[in-house]
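One structure is given here, and the rest of the page talks about it.
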Amino acid sequence: MTTDKTLINKRRIAKLVRQLLLELGENPDREGLAGTPNRIADMYEEIFGGYRMDAELDVSFSEDTDAVIAKDIQFYSMCEHHMLPFFGKIHVAYVPSGKVFGVSKLVRLVEKYSRRLQIQERLTKQIADELVRMGVKGALVIAEGEHLCMKMRGVRNDSSITTISHRGLMQQKEMREHVLALIYNPKSEITRV
């Protein structure tokens, strides 16, 4: 959710992008670039919307369950070092404390922190920390990302990065290993339970 008082100044961003095009040696008035500054300003409002988002984790329901796992939540973010995209999927698991969050709220939580200038390590930690602040007994967040700042420039390597944050009950090895097995090999674990 966004609020009017926190909207970005798209007109100013478009002006800055126009200046950047000039500095790069481009003609911002040529046919292919004429609308680019405004398109980029619109895009920035969308992809950096996380600064103005509420994950709405206060929408919860009384329910007694051992754990909740949301797998393969897609995310897109921008590396704060080079302002190039990184993207992938995030798995979120938590042990409720008598209440469960609306399932779409976990996706909103990921968007809240991924739609910012970011690094993957902090993104993973922020999601886990917010779940704990909301009173869960334990949280495990795994982010698997591909970084264009590594693929397009610099080392030009195709590797992917995985980061993990665990809090509360998920710090217990047995619990964490059980949840990891459900995330990465769900069929074998479910048949054994």
Side-chain angles (χ1 to χ4, degrees), residues 1-10 12-14 16-17 20 36-59 68-94 101-134 136 138-168 170-171 176 179-180 183-184:
M1 299 296 240
T2 62
T3 58
D4 290 341
K5 67 181 182 176
T6 60
L7 291 177
I8 65 170
N9 186 335
K10 291 196 297 186
R12 186 159 185 226
I13 290 173
L16 291 167
V17 170
L20 176 63
T36 297
N38 290 328
R39 284 190 294 273
I40 289 177
D42 289 342
M43 176 189 68
Y44 280 178
E45 181 178 49
E46 180 181 345
I47 67 174
F48 294 125
Y51 293 111
R52 298 170 300 282
M53 284 184 78
D54 175 7
E56 302 175 13
L57 291 179
D58 54 339
V59 177
V68 175
I69 302 171
K71 297 187 329 182
D72 299 331
I73 299 172
Q74 293 179 354
F75 80 92
Y76 301 89
S77 194
M78 293 288 277
C79 165
E80 67 184 31
H81 300 128
H82 300 99
M83 287 187 73
L84 286 171
F86 69 97
F87 56 91
K89 58 187 174 181
I90 292 180
H91 313 291
V92 177
Y94 70 95
F101 304 115
V103 291
S104 68
K105 306 316 175 202
L106 297 176
V107 173
R108 288 187 199 276
L109 177 61
V110 168
E111 289 179 347
K112 175 181 177 180
Y113 291 109
S114 64
R115 291 182 178 204
R116 303 173 179 211
L117 290 173
Q118 192 59 277
I119 62 172
Q120 185 173 323
E121 296 86 347
R122 183 186 317 117
L123 168 63
T124 310
K125 178 184 171 296
Q126 287 173 324
I127 294 167
D129 289 345
E130 184 156 341
L131 286 167
V132 169
R133 280 192 303 274
M134 295 304 294
V136 302
L140 174 68
V141 179
I142 304 165
E144 301 168 355
E146 297 182 44
H147 295 250
L148 292 186
C149 58
M150 277 185 24
K151 292 176 185 261
M152 292 176 63
R153 53 154 311 280
V155 296
R156 289 186 176 89
N157 190 284
D158 212 23
S159 65
S160 62
I161 304 297
T162 300
T163 53
I164 301 173
S165 288
H166 44 79
R167 306 284 185 270
M170 292 293 184
Q171 291 177 304
R176 188 173 58 250
V179 169
L180 286 169
I183 290 170
Y184 288 110

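Side chains are part of it too, since the values below use all heavy atoms of this structure and drop only hydrogens, waters and symmetry mates. Starting from 1, each residue takes its place in the sequence as its number.
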Rounded to the nearest 0.5 angstrom, the CG-CD distance for Asp42 and Glu46 is 9.0 Å

Taken in chain and number order and not counting sequence neighbours, the residues that satisfy side chain to side chain contact (heavy atoms under 4.5 Å, CB included) with His81 are Cys79, Ile119

Those residues at least two apart in sequence (or on a different chain) that pass side chain to side chain contact (heavy atoms under 4.5 Å, CB included) with Arg156 are none

Shortest non-hydrogen pair, Pro37 vs Val17, comes out as CA-CG1, 3.8 Å

Q) Do Ile127 and Leu106 come close enough that some side-chain heavy atom pair is under 4.5 Å? A) no

Tightest non-hydrogen contact, residues Ile69 and Ala93, listed as CG1-CB, 3.9 Å

Value for CD1 (Ile164) from CG (Leu140), rounded to nearest 0.5 Å, stands at 7.0 Å

Phe48 meets the ring pair (Phe, Tyr, Trp, His ring centres under 6.0 Å) criterion, sequence neighbours left out, with Tyr44

Are Arg153 and Leu84 packed together at the side-chain level, in the sense that at least one heavy-atom pair is separated by less than 4.5 angstrom?
yes

Across all chains, not counting sequence neighbours, the salt bridge (Lys or Arg N to Asp or Glu O under 4.0 Å) partners of Arg176 are none

Residue set satisfying side chain to side chain donor-acceptor pair (under 3.5 Å) with Tyr184, at least two apart, ordered chain then number -> Glu144

Q.
Please evaluate residues Leu180 and Ile142 with respect to the criterion side chain to side chain contact (heavy atoms under 4.5 Å, CB included), reporting the C-alpha separation (whole Å), side-chain torsions for both, the decisive distance (0.1 Å), and the verdict.
A. CA-CA 9 Å; Leu180 286 169; Ile142 304 165; 3.2 Å; yes

Margin query: Is any side-chain heavy atom of Glu130 closer than 4.5 Å to one of Leu57?
Written below: yes

Salt bridge (charged side-chain N to carboxylate O under 4.0 Å, His left out) pairs touching residues 73-87, sequence neighbours excluded, are Glu80-Arg122

Taking it one step at a time, do Leu109 and Phe101 satisfy side chain to side chain contact (heavy atoms under 4.5 Å, CB included)? CA-CA 11 Å; Leu109 177 61; Phe101 304 115; over 6 Å; no

Minimal heavy-atom distance between Ala143 and Gln120, with the atoms involved, is O-NE2, 2.9 Å

Glu45 meets the salt bridge (Lys or Arg N to Asp or Glu O under 4.0 Å) criterion, sequence neighbours left out, with Lys10

Would a 4.5 Å heavy-atom cut-off, applied to side chains only, mark Asp58 and Glu56 as touching? yes

Check whether any side-chain heavy atom of Leu117 lies under 4.5 Å from a side-chain heavy atom of Tyr51, and answer yes or no.
-> yes

Checklist entry - Do other residues, nucleotides or ligands put more than 12 heavy atoms under 6.0 Å from Met43 CE? => result yes

So the salt bridge (charged side-chain N to carboxylate O under 4.0 Å, His left out) pairs with at least one residue in residues 70-79 (sequence neighbours excluded) are Asp72-Lys89

Rounded to the nearest 0.5 Å, the OH atom of Tyr94 sits from the CG atom of Leu131 at a distance of 8.0 Å

Pairwise side-chain contact, Leu123 with Phe86, heavy-atom cut-off 4.5 Å (strictly under): yes

So for atom CD, which belongs to Gln171, do other residues, nucleotides or ligands contribute more than 12 heavy atoms lying within a distance under 6.0 Å?
yes

Separation between NE2 (His82) and CG (Leu148), nearest 0.5 Å, reads 12.0 Å

The side chain to side chain donor-acceptor pair (under 3.5 Å) partners of Thr124 (sequence neighbours excluded) come to Thr163

With sequence neighbours left out, the residues meeting salt bridge (Lys or Arg N to Asp or Glu O under 4.0 Å) with Arg116 are none

CD (Glu111) and CE (Met53) are apart, to the nearest 0.5 Å, by 4.5 Å

Does the side chain of Ile8 reach to within under 4.5 Å of the side chain of Arg52, using non-hydrogen atoms?
yes

Those residues at least two apart in sequence (or on a different chain) that pass salt bridge (Lys or Arg N to Asp or Glu O under 4.0 Å) with Arg39 are none

Between the OG1 atom in Thr36 and the CG atom in Leu20, the distance rounded to the nearest 0.5 Å is 11.5 Å

Of all heavy-atom pairs linking Ser165 and Ala128, the shortest is CB-CB, 3.9 Å

Scanning both residues in full, the closest heavy-atom pair of Met170 with Ala139 reads CB-O, 3.3 Å

Sequence neighbours excluded, the answer for side chain to side chain donor-acceptor pair (under 3.5 Å) partners of Asp158 is Lys151

